[in-house]
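Take a look at the structure set out below.
In the text below, chain A, chain B and the rest are named by the order of the sequence lines, each starting its count at 1. All values below come from the heavy atoms of this structure, side chains included, with hydrogens, waters and symmetry mates left out.
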Amino acid sequence: MLDVKRLKKDPEIIVDNLKRRGFEFDLDQWISLESARKSLQSDTENLQAELNDISKEIGISKKEGTDSSKLEKKAGVLTSAIKSQSKELTSLLKEIDSFISSVPNLIDDDVPQGKDEEDNLELRTYGKIRDFDFTPKDHLELGSHLKSIDMESGVKITGARFAVLNGELARLQRSLINFMLDIHTKEHNYQEVYVPYLVNKESLFGTGQLPKFEEDLFKLEGKENFYLASTAEVPVTNLFRDEILNSDILPAKLVCHTPCFRSEAGSYGLDTKGIMRLHQFEKVELVQAVEEKDSDKALEELTRHAEEILKRLELPYRVVSLCSGDIGFSAAKTYDLEVWIPSQERYREISSCSNFRDFQARRMKARWKNPSTNKTELLNTLNGSGLALSRTLLAIMENFQQKDGSIAIPEVLRDYFGSDKIKH
RNA sequence: GGAGAGAUGGCAGAGUGGUCGAAUGCGCACGCUUGGAAAGCGUGUAAGGUGUUAAAGCCUUCGAGGGUUCGAAUCCCUCUCUCUCCGCCA
């Protein structure tokens, strides 16, 4: 959520910033809503203050046994006036709330200007793209040779965009999960958490998936109307919702492996082959909550933590800074890690690392107590995939494939996996 | 699923219609004391909004929402959650 105080102080800066994303902020509407609210609210509060005084007097008068009927009559008039005014005020506040909570975050100054994916800025590349002395197969072809990616069964059990992994590939995924969690907990100092995969509206509002992006989510029917979490970001970051953290636990660094469920509405026709884009996939997620002054540094650090996984898996990748038109609703700045996919001869997203600054924290009232000022301040939240499992699996299959259709296992994974290759 | 009991500040815990945002204890911060510490003593210590150079002041919040009343932590209704017992269960 935007800082309303800042919006009052320098509205032009905010309007311009939002314009970079392609978001038109209706300043006139905002000003008229705000000024209406201000006068209505202060009027109502004044009436309430008056009523509070009179009620107090009535109390004293009753105790003393003197006649208070005149005061009570006066108070009755005030009460009904307050009732009708506060009804009006409540609906106005609701309107303002839905207006402001549909506005995306401000982007950092160094976010590259652009319209879409094409304008993202490549920052660095890592690793050598392999020169195949044969025509590389795509992961689905490799997987069906190995009888390990079974799309038909996914369709039978559930429907399109669900997959079944068999045998060694299922085991490879499990090895990868353990490998990633070990690196992040033992070397990068994250604490592992296990969280619910079903989340409520409040949690989704906190991280910014609601109210604007409900169509991307799976929603349960029934009494509760829970949603399937589209990313561990939702349950994990919401651990800080409505909390005031002690400064000594900052920076808070959490890592979590969960399945992710996405309806992928609007992506029909995209990546329909194989396990590139599924309704259900596994992910290891990094989440940090830090003081405002540390959040720039934290984004760089968190991104390096995600990159480290790719490096150790010997997968060629690049880092791009998402441009103003491609960056997500809640993010102030995002680095995507893109891994090389031989069958497509291009880099594809495998991790997205974002700094949300205080945008999510304001929505979810995630705060910390600053001991030097003794004031509560909003946290800054960040997260990044470290990494998305199905795409890691896919990348290993394609990048490590051998001429005979077998797949070599990256060195660091061999102990976890228990073998150095998946035979044809 | 059935029966019962609860939900109050960082924590524990009082408060059953009126100057209650809330006693008390613990914790925490500062000061006194001390060679230093502990103990002891004293002072302070919720969040949000509004306002101000800053403050004061004012409004809201005692699980959530609604109601009764001049006035609600306290009474009534609905919901959520927690605990105990019984049943079922990985």
Side-chain angles (χ1 to χ4, degrees), chain A residues 1-9 30-31 33-101 194-206 210 220 222-227 235 238-250 252 259 289 358-379:
Chain A
M1 204 138 60
L2 285 192
D3 181 1
V4 170
K5 279 184 186 149
R6 185 126 185 250
L7 188 53
K8 283 176 194 162
K9 222 172 82 193
W30 167 251
I31 289 168
L33 283 171
E34 246 313 280
S35 65
R37 180 204 60 84
K38 201 169 179 173
S39 67
L40 189 56
Q41 184 166 343
S42 82
D43 282 359
T44 312
E45 283 181 3
N46 287 338
L47 289 178
Q48 186 66 54
E50 205 179 326
L51 176 64
N52 289 348
D53 284 343
I54 293 174
S55 293
K56 244 174 221 178
E57 274 181 61
I58 293 171
I60 293 165
S61 156
K62 293 241 167 178
K63 207 171 236 173
E64 289 170 349
T66 55
D67 177 41
S68 60
S69 56
K70 256 189 195 159
L71 286 172
E72 283 178 42
K73 204 168 185 185
K74 201 171 160 194
V77 175
L78 273 173
T79 302
S80 59
I82 289 169
K83 253 181 198 159
S84 74
Q85 275 208 19
S86 54
K87 203 171 262 176
E88 223 177 297
L89 181 63
T90 305
S91 82
L92 186 56
L93 287 174
K94 229 177 232 169
E95 197 180 335
I96 289 175
D97 201 53
S98 80
F99 178 90
I100 202 76
S101 55
Y194 170 83
V195 295
Y197 305 153
L198 301 184
V199 294
N200 59 29
K201 270 201 179 72
E202 289 73 21
S203 296
L204 288 159
F205 179 83
L210 288 182
L220 299 187
K223 201 174 132 210
E224 298 289 0
N225 289 143
F226 291 138
Y227 295 80
N238 273 281
L239 288 169
F240 305 119
R241 173 153 54 91
D242 293 320
E243 298 289 335
I244 301 176
L245 302 185
N246 224 313
S247 63
D248 57 13
I249 70 162
L250 298 179
D358 60 13
F359 186 82
Q360 294 180 328
R362 185 171 290 109
R363 291 168 85 92
M364 65 172 79
K365 298 186 183 62
R367 295 153 295 174
W368 67 289
K369 189 99 172 180
N370 186 340
S372 62
T373 59
N374 211 29
K375 289 243 154 64
T376 53
E377 297 178 22
L378 289 169
L379 287 163

Could you work out, with side chain to side chain donor-acceptor pair (under 3.5 Å) as the rule, every residue matching [X], not counting sequence neighbours?
X         : answer
Thr66(A)  : Ser61(A)
Asn370(A) : Ser372(A), Glu377(A)
Gln41(A)  : Arg37(A), Glu45(A)

Considering residues at least two apart in sequence or located in another chain, which fulfil the ring-ring contact (aromatic ring centres under 6.0 Å, His included) criterion with Phe359(A)? Phe329(A)
Do any pairs count as a salt bridge (charged side-chain N to carboxylate O under 4.0 Å, His left out) and have a residue in residues 67-86 of chain A, sequence neighbours left out, and if so which ones? Lys62(A)-Glu72(A)
What does the B/S/- profile of nucleotides 47-66 of chain B look like, 5' to 3', with a 4.0 Å heavy-atom cutoff to protein? SSBSS------SSS------
Suppose the criterion is side chain to side chain donor-acceptor pair (under 3.5 Å): which pairs have a residue in residues 46-57 of chain A, not counting sequence neighbours? Gln48(A)-Asn52(A)
Using the test side-chain contact (heavy atoms from CB on, under 4.5 Å), find all partners of Ala289(A) that sit at least two apart in sequence or belong to another chain.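 Expected list: Phe240(A), Ala252(A), Leu379(A).
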Who pairs with Leu198(A) by side-chain contact (heavy atoms from CB on, under 4.5 Å), at least two apart in sequence or on another chain?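 side-chain contact (heavy atoms from CB on, under 4.5 Å) list for Leu198(A), sorted by chain: Leu220(A), Phe226(A), Leu228(A).
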Might you list the N or O atoms of the protein lying below 3.5 Å from N or O atoms in nucleotides 73-82 of chain B, with each pair's distance?
residue : atom : partner   : partner atom : Å
U80(B)  : OP1  : Lys223(A) : NZ           : 3.4

Between the protein and nucleotides 68-72 of chain B, are there any N/O to N/O pairs under 3.5 Å, and if so, what are the atom names and distances?
residue : atom : partner  : partner atom : Å
C70(B)  : O3'  : Thr79(A) : OG1          : 3.0
C70(B)  : O2'  : Ser55(A) : OG           : 3.3
G71(B)  : O4'  : Ser55(A) : OG           : 3.3

Could you write out RNA chain B as a dot-bracket string, with dots for unpaired bases, | for bases paired across to another strand, and Watson-Crick or G-U pairs counted at under 3.5 Å? ((((((((.[[[..)..(.....]]]((((((.......))))))(((((......))))).[[[[[..)....]]]]])))))))....
Are a donor atom and an acceptor atom from the side chains of Ser203(A) and Arg241(A) found within less than 3.5 Å of each other?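 A pair is found: one side chain offers a donor N or O, the other an acceptor, under 3.5 Å apart.
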Spacing of the C1' atoms in A37(B) and C32(B) (rounded, Å):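 To the nearest whole Å, 15 Å.
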Could you check how far CG of Asn370(A) sits from C1' of A29(B), rounded to whole Å?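 That distance rounds to 14 Å.
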